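Reading through the structure tokens given below for one structure.
The shown structure was predicted, so the numbers you read here are calculated from the model rather than taken from an experiment.
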Amino acid sequence: MVLSLKRLASKSSNSTVPIGIFGGTFDPVHFGHLRPALELLERLFLAEIRFIPCRCPPHRPLPVADPEQRLAMLQLGIAGESRFKVDDREFYRSGPSYMVDTLISLRAEKGQAPLCLILGTDAFLGLPKWYRWLELIELAHLLVIKRPGEILPQQGVLKDLLDERKISNPKQLKAQSIGCILPMETTQLGISATQIRVLLKAGQSVRYLLPDAVWNYIQTSGLYSSSVILEK
């Protein structure tokens, strides 16, 4: 399924509020995910942000926590922000969890509503390795989250794509349903899920790196201890 950019964009409504799509393993979710998402939500006046945990990542090892545990941590992590939603659709598809399939599914549900796929710079730079990656911008806008001073590609296929699709005015996300690339700088917290798992394996506290409710869940369940990680 490939949607026509011109056809879909021409039918979009100026009154439709964009929806943010944030995929990842969230193993576990932490403030490095949540703070930038909140800033995008408020600065771009998004209707909501959908956190979509990946069941089977195509380009990285399987998560340590199982789907039910990652889902539970996400639900705890976003509690209190009504515009954050957890979407578990990838848990019900077999095979690798390709983002193009997820966007096709969301597009079928949401019709002409603008969808905004949130990508860090590293993910954006790796897009040409993604499955059917050129179709992503025919299904959604791309929000590329940059670190301050970070430079986007200056050559190659991604540079060509940016030349064709990059915008600077966020209002264009609302004016059409798909097809724009908006680079944005947000508060970047030097936190990673890998770092958190390493600290936990070493028996150290990860308090203040993630929401207290998630930290409590990890402690109660014994997640990411050295014995659990070795079993995985």
Enclosure of Arg147 CZ (heavy-atom neighbours >12, cutoff 6.0 Å): no

Do Ile191 and Tyr208 have side chains that approach each other closer than 4.5 Å (heavy atoms only, starting at C-beta)? no

Using the rule given for side-chain contact (heavy atoms from CB on, under 4.5 Å), can you reason through Phe45 versus Val17, listing the C-alpha separation, both sets of side-chain angles and the distance that settles it, and then say yes or no? CA-CA 8 Å; Phe45 302 101; Val17 182; 5.6 Å; no

Side-chain heavy-atom pair Phe84, Leu38 within 4.5 angstrom cut-off: yes

As an exercise, state the distance from NZ of Lys110 to CD1 of Ile21, rounded to the nearest 0.5 Å. 8.5 Å

Distance col, row Leu173:CG vs Ile178:CD1, nearest 0.5 angstrom, shows 12.5 Å

Do any N or O atoms from the side chain of Asn169 and from the backbone of Gln172 form a donor-acceptor pair under 3.5 angstrom? no

So, the side chain of Glu81 versus the backbone of Ile78: is there a donor-acceptor pair under 3.5 Å, distance only? no

Answer with yes or no whether the hydrophobic clustering places Leu74 together with Tyr92; edges join I, L, V, M, F, W, Y residues whose side-chain heavy atoms lie under 4.5 Å apart. yes

Is any side-chain heavy atom of Leu210 closer than 4.5 Å to one of Ile218? yes

Looking only at heavy atoms, what is the nearest atom pair of Ala140 and Leu117, with distance? CB-N, 4.4 Å

Note, Leu189 side chain near His30 side chain (heavy atom, < 4.5 Å): no

Check whether any side-chain heavy atom of Ile52 lies under 4.5 Å from a side-chain heavy atom of Glu90, and answer yes or no. yes

Taking all non-hydrogen atoms of both residues, which atom of Ser105 and which atom of Arg89 are closest, and how far apart? OG-NH1, 2.5 Å

Would you check, one step at a time, whether the test side-chain contact (heavy atoms from CB on, under 4.5 Å) holds for Arg165 with Leu142? CA-CA 9 Å; Arg165 303 296 184 93; Leu142 304 184; over 6 Å; no

Between the NZ atom in Lys146 and the CD1 atom in Ile151, the distance rounded to the nearest 0.5 Å is 8.0 Å

What is the distance from atom CG of Asp122 to atom CD1 of Ile145, rounded to the nearest 0.5 Å? 12.5 Å

Do Trp130 and Leu62 land in one hydrophobic cluster if side-chain heavy atoms of ILVMFWY residues count as linked below 4.5 Å? no

Does the Arg197 side chain pair with the main chain of Asp27, one donor and one acceptor, at a distance under 3.5 Å? yes

Please tell me whether Arg107 and Ser177 have a donor and an acceptor in their side chains that are separated by less than 3.5 angstrom. no

With a 4.5 Å heavy-atom cut-off, do Leu115 and Leu139 have their side chains touching? no

For Gln176, is there any backbone N or O sitting under 3.5 Å from a side-chain donor or acceptor partner on His141? yes

Residues Val157 and Pro128: closest non-hydrogen pair is CG1-CG, 4.1 Å

Counting only heavy atoms from other residues, nucleotides and ligands, does the tally under 6.0 Å from CD of Glu109 exceed 12? yes

Say whether Glu39 and Thr186, considering side chains only, have a donor N or O and an acceptor N or O under 3.5 Å apart. no

With rounding to the nearest 0.5 Å, note down the distance linking CG in Leu46 to CG in Leu40. 6.5 Å

So how far is it from Glu42 CD to Arg83 CZ, rounded to the nearest 0.5 Å? 5.5 Å

Would Arg35 and Thr187 count as having a side-chain donor-acceptor pair, cut-off 3.5 Å? no

For Gln75 and Val86, run side-chain contact (heavy atoms from CB on, under 4.5 Å): C-alpha distance rounded to whole Å, both residues' side-chain angles, the deciding distance at 0.1 Å, then the answer. CA-CA 7 Å; Gln75 290 169 333; Val86 176; 4.1 Å; yes

Kindly indicate, with the supporting measurements, whether the criterion side-chain contact (heavy atoms from CB on, under 4.5 Å) is fulfilled by Asn216 and Leu76. CA-CA 10 Å; Asn216 291 336; Leu76 291 168; over 6 Å; no

Is the backbone N or O of Tyr98 less than 3.5 Å from a side-chain atom of Arg93, with the two atoms forming a donor-acceptor pair by type? yes

Closest approach of Gln69 and Asp66, non-hydrogen atoms and distance? N-OD1, 2.8 Å

Check for a donor-acceptor pair, side chain of Ser97 on one end and backbone N or O of Pro57 on the other, with a separation under 3.5 Å. no

Does the side chain of Tyr224 come within less than 4.5 Å of Ile196's, by heavy atoms? no

Using every non-hydrogen atom in the two residues, find where Arg70 and Phe91 come nearest and quote the distance to one decimal. NH2-CE2, 3.8 Å

For Pro53 against Phe26, the heavy-atom pair lying closest together: CA-CD1, 3.9 Å

Below 4.5 Å, heavy atoms only, C-beta onward: do Leu44 and Met184 meet side chain to side chain? yes

Quickly, which of Cys116, Cys180, Pro170, Pro183 forms a side chain to side chain contact (heavy atoms under 4.5 Å, CB included) with Leu143? Name it, please. Cys116

